[in-house]
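Taking it in order: structure first as structure tokens, then the write-up.
The figures that follow rest on heavy atoms only: side chains count, while hydrogens, waters and symmetry mates do not. Start at 1 and go down the list; that is how both ligands and their atoms are numbered.
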Amino acid sequence: MANPPTPSRDLPEGLHPDTLAVRVAIDRSQYGENSEALYLTSGFVQPDSATSAERFASGQGYTYARTSNPTVTSFERRLAAMEGTEAAIAASSGMGAILLMIMGLLKAGDHVVISRSMFGSTLNLFSKEFAKFGVQTTQVSQTDVGEWRAAVQPNTKLLFAETPTNPLTEVCDIAALAEIAHTAGALLAVDNAFATPVLQKPAELGADIVMHSGTKYLDGQGRVMAGALCGSAQLITEKFAPIVRTAGMVLSPFNAWVVLKGLETLAVRVKAHCEHTLAVARWLEAQPQVARVYYPALPSHPQHELAMRQMNGLGGGVVTFELAAGSPEAARARAFHVIDSCRLLSIATNLGDTKTIVSHPATTSHGRLTEAQRLAAGVSQGVIRVAVGLEHPGDVQADLARGLQSLHGIA
Ligand SMILES: *Cc1c(COP(=O)(O)O)cnc(C)c1O
């Protein structure tokens, strides 16, 4: 039974971000479905050989899913609309997106400046894996703009920043870094996985590339891995699309569909994550067993004003705290006690999920560092990260209180 095709309509100009998240990038099929279709297909049937030849030659039109797939295209168009960039390109994961960025922009002899507080796998990919191919990397302070400026060399091609960082939620000044990059004739890329376009739009602040781990808030329900780069149409089509096509870090259409649907609820979810996290952060600050709380929306955060200016007045969904403790051994025992006393929170390594996740950075994300490196990074054995989900914040607090209130006698 076939419906006559539903004519597609051009969207009105000037739509708000919440509307774009729900309405952009729906190419309806002949069935007129209201929810976006999932095109779970790797190949596309061509009407005739001449058309096939034309599509292969031009790269336009759908031929094979490593080149493009309509569901993946919808995800890319919607994310670009939400980040305010001309275009986006999807990748198999956040790390796949960073790999794509490196392969698209850098060659042996080029130099990159990154913050030493970046995501651990990002640091490894630049400073270890790509050092093998002759890409030089300098790691600088997350928060000291002067160090970024001083690290720039004649062969610097890229500055790459992440804000806020994991787990201490350190914030860097995107506009200031964009100015440094552009003065040097380099590009600025920003990892926007923690903040999402709901809190900050790096492109509006001067970033040339916005990188995403769709695994986090964009999916938002802990189901699939995904990644993306957003930027100018020229960067996406000339520098990145040819790499995905040949190197194959392509996003699966199923994962693209899950994340595409996740984008529709991103704004309401992220605002709720922020509200819940602020409640938990304030409560943690009032607990006598807690020595320090790291959360950008608390006035005690060292970059509170910059964060509020840059992040839409909200603090994000991750709060980290440090237990008052003596030796590293005692601190670890106390942190493990608090984490293991939870009956609701998940002990896992993800964030941006509806389910609150509690983790011990010193033995997970920062587990491969020496104790001295960990302390330099501020990640002592007494540090606990909470990626607050969408449960009632009172229940999250009660779960953390179980361990905090029974700490006497632990180490
Ligand atoms: C998770 C994460 C990544 C890597 O993304 P994957 O989808 O896990 O590959 C990169 N940057 C940040 C800030 C992240 O949290």
Side-chain angles (χ1 to χ4, degrees), residues 72 75 79 83 88-103 112 114-130 139 142 158-172 174 189-200 202 207 209-230 244 247-252 254-256 258-259 262-263 266 270 273 277 294 296 307 311 315-320 348-353 357 359 361 364-367 377 379 385-389:
V72 177
F75 163 63
L79 184 63
E83 282 290 0
I89 187 155
S92 52
S93 66
M95 292 317 301
I98 300 176
L99 173 65
L100 169 61
M101 180 165 75
I102 296 173
M103 290 182 70
V112 183
I114 59 176
S115 148
R116 70 176 75 89
S117 312
M118 287 189 97
F119 190 66
S121 300
T122 305
L123 293 177
N124 268 337
L125 190 60
F126 277 95
S127 299
K128 193 163 147 247
E129 303 304 338
F130 271 86
Q139 297 186 12
Q142 168 79 2
L158 178 70
L159 275 63
F160 187 29
E162 173 189 322
T163 180
T165 55
N166 179 38
L168 300 184
T169 69
E170 291 177 298
V171 174
C172 64
I174 297 173
V190 173
D191 180 335
N192 209 24
F194 262 56
T196 83
V198 178
L199 302 190
Q200 87 195 354
I209 298 165
V210 183
M211 175 254 141
H212 269 287
S213 166
T215 317
K216 312 294 167 52
Y217 293 97
L218 305 191
D219 170 12
Q221 289 157 78
R223 298 166 293 191
V224 299
M225 304 211 64
L229 300 177
C230 308
V244 175
M249 64 286 270
V250 66
L251 182 61
S252 102
F254 180 79
N255 290 6
V258 169
V259 181
L263 289 178
L266 184 69
V270 167
H273 279 289
T277 312
Y294 300 88
M311 293 169 64
V318 173
V319 58
T320 297
T349 46
N350 192 15
L351 62 103
D353 195 332
I357 290 173
S359 61
T364 56
S365 57
H366 294 64
V379 182
R385 188 193 82 176
V386 185
V388 179

side-chain hydrogen bond (donor to acceptor under 3.5 Å, both in side chains) between S117 and E170, intermediate numbers included: CA-CA 8 Å; S117 312; E170 291 177 298; 2.8 Å; yes

Per-atom contacts of ligand 1 with T215, taking only distances under 4.0 Å to non-hydrogen atoms: 6 (P), 7 (O)

Exercise: do E162 and T122 side chains pair donor with acceptor under 3.5 Å: no

Nitrogen or oxygen atoms of L351 and ligand 1 under 3.5 Å apart: no

Nearest non-hydrogen protein atom, atom 9 (O) of ligand 1: M95 N, 2.8 Å

Closest protein heavy atom to atom 8 (O) of ligand 1, given as residue, atom name and distance to 0.1 Å: M225 CE, 3.4 Å

Donor-acceptor under 3.5 Å (E83 side chain, N192 main chain): no

Top protein contact for atom 11 (N) of ligand 1, by heavy-atom distance: D191 OD2, 2.6 Å

Nitrogen or oxygen atoms of G94 and ligand 1 under 3.5 Å apart: yes

T215 (side chain) donor-acceptor with A226 (main chain) under 3.5 angstrom: yes

Contact atoms of ligand 1, heavy-atom distance to S213 under 4.0 Å: 1 (C), 2 (C), 3 (C), 5 (O), 6 (P), 7 (O)

Nearest non-hydrogen protein atom, atom 4 (C) of ligand 1: F119 CE2, 3.5 Å

Check: K216 N/O within less than 3.5 Å of ligand 1 N/O: yes

Interatomic spacing from CZ in R385 to OG1 in T320 - rounded to 0.5 Å: 7.0 Å

Whether N166 side chain and F119 backbone form a donor-acceptor pair below 3.5 Å: no

Proximal ligand 1 atoms for F194, defined as those under 4.0 Å from one of its heavy atoms: 13 (C), 15 (O)

Atom pair OG1 (T196) and NE2 (H273), whose distance is rounded to the nearest 0.5 Å: 9.5 Å

